[in-house]
Amino acid sequence: MAIDLHSHSTASDGSVSPAGVVENALEIGLTALALTDHDTQEGLEEARRAADSTEIELIPGTELSLEFPSGGMHLVVLWLEPGEGPLQNRLQTLQDGRSGRNTVILEALTELGMPITVEEVEAEAGGGSVGRPHIAAVMMQKGYVESIQEAFDSWLATGKPAYRGRPRLMPEEAIMLARESGAVPILAHPHTLNIDRAPEMADLLKRLRSAGLVGPEAVYSAYQQHERDGYSHLARRFELVASGGSDYHGSYKPGLNLGNGYGDLVVPESALEDLRKFAASP
Ligand SMILES: [Zn+2]
Ligand SMILES: [Zn+2]
């Protein structure tokens, strides 16, 4: 009996299709799998079709990037149903904001003497969703830069003159909205927060717990046993649930398998039952 509560498909930045991830999970004998693509639930329908009439329990989820000063804060949200809801609607608004982000980048480029129109970028994207790679391609076509790489290195990458961040939810807001939506918010891979001091991590967990956080992701592929034990201990101390998952990305994270991570990952099935108690429609 094995479970995996953190995985990605081609719907975000994994290399395997949503149905492929489910088939993979069935092959290795997982009893439960959460599909948690970044900022989207688009893979879920296909995954559900693949999981239908099989033994596996497919948990609908997503992984959100949140605003956090010292490092990357990701929130794995389990049992989030696609469609309408407090968190779902807020995410839709943010998604619409992506076009807003592109507009401010184009404004910045114009001010920097490299005018580009929205129409030019949309044409480059060919009807798909528009992002910085398309802006970079147009910059090259117009002779502002020699290469896509130069467009990023000199202008578009984080901290460069035409960089504008994507708006993100604040941690407390995301956690509260997740709970209001009947979903179960988990603080993913806490090490990426770049918090070195244990008391600081404890304070953060306490703060997020009062907003409704259900648990940290303690059993994680990249962790050694003492780290898994440490985060599990912290979870118990604050009456949180120690969650776990592989963070599978297919061939984009070589050597990292669904289910058992780098070979030694075992997410306890008891975690699933403890987490389920917090879900509105488990
Ligand atoms: Zn993550
Ligand atoms: Zn992830």
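Every value quoted in this text rests on a predicted model; they were computed, and no experiment measured them. One-based numbering, in listed order, for ligands and for the atoms of each.
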> More than 12 foreign heavy atoms under 6.0 Å from CD of E269: is that the case here?
Replying inline: yes

> Does the gap between the ring centers of Y231 and H191 come in under 6.0 Å?
Replying inline: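 That pair fails the under 6.0 Å test.
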
> Hey, is R49 close enough to E46 for a salt bridge, meaning N to O under 4.0 Å?
Replying inline: no

> Are side-chain heavy atoms of S17 and E23 found at a separation under 4.5 Å?
Replying inline: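 Sidechains of E23 and S17: no contact.
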
> Is there a side-chain contact between V241 and V184, using heavy atoms and a 4.5 Å cut-off?
Replying inline: no

>> So, at under 2.8 Å, which protein N, O or S atoms would a careful student list around the Zn ion (ligand 2)?
In response: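 Metal shell, protein only: H6 NE2, H8 NE2, E63 OE1, D247 OD1.
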
> How are the rings of H74 and H189 set relative to one another: parallel (under 30°), tilted (30 to 60°) or perpendicular (over 60°)?
Replying inline: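 Because their plane-to-plane angle is over 60°, the rings of H74 and H189 count as perpendicular.
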
